[in-house]
Amino acid sequence: MRTWQTNIATLVILVFFLVAPFLFPNNMSQLSDLMIFILIALAWDMLGGQMGYNSFGNVLFFGIGMYIVASSEVILGGFKLAEYTSAMGGNQGSFILTPSQYLIGFGVGIALASIINFFLGLLIGSQFLQMRGHYFAITTLAIGVAAAEVARSIPIIGAGSGMNFPQPPDGVPLFHILYYMGLALVVLFFIFLSWLYKTRFGFIMNAIRDDEDKAESMGLPTASIKSTAWAISAFVFAYAGALYGSAKNFIDPSEVAFPFTTIGVWMILMAIMGGMGTIWGPIIGAIVFQIFKELFWTYLFGWQRVALGLLIVIIVVFFPDGIMGAFNNWKKRRNLQNTAKAKT
Amino acid sequence: MNQILSNLELLKIAPLINLELLVNGLLVGSIFALIAYGMALVWGVMDIINVAQGAFVILGGYAAFYFINFASNLFPAASPIIWVILSIPIAAAAVALFSYLVFASVISRILNRDLFVSLLATFGIELVLQQLMNQVFTAEDRIIDSGLATISMFQYQVNIPGSRLLGAGLGIATAIVIVLIMRYSRFGQAIRATSQNARAAGIMGIDTNKIYALTFALNGAICGVAGSIVAFVFIIHPFQGVIYTLRSFAIVILAGLGNIAAVILAGLGLAIYENFAGFIFGPQLQNAFVFLIVPVVLLIRMYIMRRQRKYLE
């Protein structure tokens, strides 16, 4: 239900994010991370919250997208990928890109990454989404782990020692580009999702979450809906991965590309924290999570993972409904009280 | 490709290498199988995936390490083997107590929730434990010297580290004890009854909450034993636990959920398969092979189920 309050709130938040780089010029890397987190939380919630398929394996698309962008930058810059990765240790100096080469490589790479991963998502989804419940979660977790190990053994993308992104040339405001590209997709994806959740497609997704057998026996095309949703989420994950890799400027197979122990868990945590199955939940969750995370990393360094682990346990055990869930409950209670008052 | 072919050729020329790979696979596999057994037990009985399994193992390793340090300073004359063997019950008791505390504080609250919640919650516990151990015990690699030499046979074609042999022996002994407990004792019967049907077990007068707590503590004890074995066979490091978690996770899935007996076979099989894959395709591909087999096996199982108009759930 859209009221004028939510419209104004949306507008205020949008304006805030548009001007945020001017307000916090020193925190650009945190801000661009925030955009990436919002994207992956929304994309995860599309499956986990709305469709009931709790996936741990979306980092697969995240990492593949990252590798595609890095390779595209190197290849469109006129270098050979194998030479580039094998020389990675010392002489980065001989692999310098001009700003236009860098931007073209990045742009083409990010488009390629998203589209390739969309189709990869269709392909993988059509098979793995036939599993349900526990087995789906477990299998996707295994896929994420396996992807990191496989990437670790392919020499052309740097194997275990990882792969550097080409150095961004001077004069390219990398984090501003990443931030606004992230924000652009966040806005588009948000509009898309709020439309999608009101269409037949969205209702079928919810039906699958509530009772897949019944949905199927009603004649709903569950299989194709599931893989399409998974492919859309793969598209967004690849885009987010491309941004994340460019921000980190270095790809490590299991820490950055397929980080099943960090991003792979955070994406779920953000969605739960904000409230699964709501459209605002993942966004709020990502913002709150990013603030917590940065506070932990700044003020509790050395103990930051202890704090994060405790936060995970507390949220999962005590607040499974998240912020939006609590808000909705409060609203429901208030409405009940209002109707009770109106009656008397 | 040539490398792979020449490795295969080597296996044909020197058949004893096969024996070495097989024996080492069996020895390492029995340690992993022990850890996976604990995970399968918790998973089967209370539907909780304990991602903190690896951290428990490492915790057991530290308990053993500090006990052995302390004891061998008191009695420097005794042989280290005695302390290694004595450290096992100590580590088991320490980790069992600790995991009981974890159960009482966290796990008991998520018992009837989704499996996915347990994954996240125990992951949080793993994170906390990792860095706590890192802060308390420092990030230094710890290893216990068991003082056993490597046994070589057939003119050094087959080499078996003595510590691995001892570790595997202790692991197998523990596994036998646990299987006997599960099969013949009242406690084991109650655990099995609860895992089959918790409601019916409750009606029959079994205090299921107590059984859950004890099962989790038993898993802690298993992790403690495994940890003290790991401490002298491999190394102990705060962030090393993930390896054991992932490995036992793979083993439990390959064995099939609810099939606790198959866990031991799957553990041994996976280790042998891994050793051969590592030898033939090169050590850098060893882990990739271990983790790729999990989705592959699940996919195959799914296709088989689909022909019966069922699905994996």
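Naming convention: chains lettered A, B, ... in sequence-line order (proteins, then strands); numbering from 1 in each chain.
For A:L311, no part sits under 4.5 Å from any heavy atom of chain B, backbone or side chain. In this structure, the portion of B:I253 lying under 4.5 Å from any heavy atom of chain A is its side chain and not its backbone. Using a 4.5 Å cut-off between heavy atoms, A:T140 does not touch chain B at all. Within the 4.5 angstrom heavy-atom criterion, only side-chain atoms of A:L141, from C-beta onward, approach chain B. Within the 4.5 angstrom heavy-atom criterion, atoms from both the backbone and the side chain of A:I138 approach chain B.
Highest contact tally toward chain B, considering only A:A151, A:A147, A:A148, A:A146, is held by A:A146 [criterion: heavy-atom pairs under 4.5 Å]. For chain A, the option among B:V294, B:V242, B:L129, B:L132 with the highest count of heavy-atom pairs below 4.5 Å is B:L132. Considering only heavy-atom pairs separated by less than 4.5 Å from chain A, the leading option among B:S118, B:A121, B:G124, B:A250 is B:G124. Residue with the most contacts toward chain A among B:N134, B:L119, B:V51: B:L119 (heavy-atom pairs, distance under 4.5 Å). Among the candidates A:I312, A:V313, A:N54, the residue making the largest number of heavy-atom pairs closer than 4.5 Å to chain B is A:N54. Of the residues considered (B:L120, B:I110, B:I49), B:L120 shows the highest number of contacts with chain A, using heavy-atom pairs under 4.5 Å. Among A:L310, A:I268, A:V317, A:V150, the residue making the largest number of heavy-atom pairs under 4.5 Å with chain B is A:V317.
Within 6.0 Å of CG on B:N112 lie no more than 12 heavy atoms contributed by other residues, nucleotides or ligands. In this structure, A:F301 places its CZ atom where only 12 or fewer heavy-atom neighbours from other residues, nucleotides or ligands lie under 6.0 Å away. Around atom CZ of B:F276, more than 12 heavy atoms belonging to other residues, nucleotides or ligands sit under 6.0 Å away. Surrounding OH of B:Y273 are more than 12 heavy atoms belonging to other residues, nucleotides or ligands, all under 6.0 Å away.
Defined by atom type and a distance below 3.5 Å, a donor-acceptor pair is present between the side-chain atoms of B:Y303 and A:Q127. B:Q130 and A:R305 form no side-chain donor-acceptor contact under 3.5 Å, judged by distance and modelled atom types alone.
Counting only heavy atoms from C-beta outward, the side chains of A:T261 and B:F123 approach each other to under 4.5 Å. The side-chain heavy atoms of A:F260 and B:L246, taken from C-beta on, include a pair separated by under 4.5 Å. A heavy-atom distance below 4.5 Å is not found between the side chains of B:M302 and A:F128. Proximity of A:I143 to B:F291: side-chain heavy atoms (C-beta onward) are nowhere separated by under 4.5 Å. A:V145 is not listed as a side-chain neighbour of B:F249, based on a closest heavy-atom distance of 4.5 Å or more. Using a 4.5 Å heavy-atom cutoff, the side chains of A:F136 and B:L298 are not in contact.
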- Message: As a quick check of understanding, evaluate side chain to side chain donor-acceptor pair (under 3.5 Å) for A:Q304 and B:Q131, giving each step before the final call.
- Response: CA-CA 8 Å; A:Q304 79 274 38; B:Q131 210 169 26; 2.9 Å; yes
- Message: Please evaluate residues B:L292 and A:E149 with respect to the criterion side-chain contact (heavy atoms from CB on, under 4.5 Å), reporting the C-alpha separation (whole Å), side-chain torsions for both, the decisive distance (0.1 Å), and the verdict.
- Response: CA-CA 9 Å; B:L292 267 182; A:E149 291 299 339; over 6 Å; no
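Ring-plane geometry between B:F116 and A:W44 is classed as parallel, the angle between the planes falling under 30 degrees on a 0 to 90 degree scale with a further cut at 60.
With B:Q135 contributing its side chain and A:G302 its backbone, the two residues share a donor-acceptor pair below 3.5 Å.
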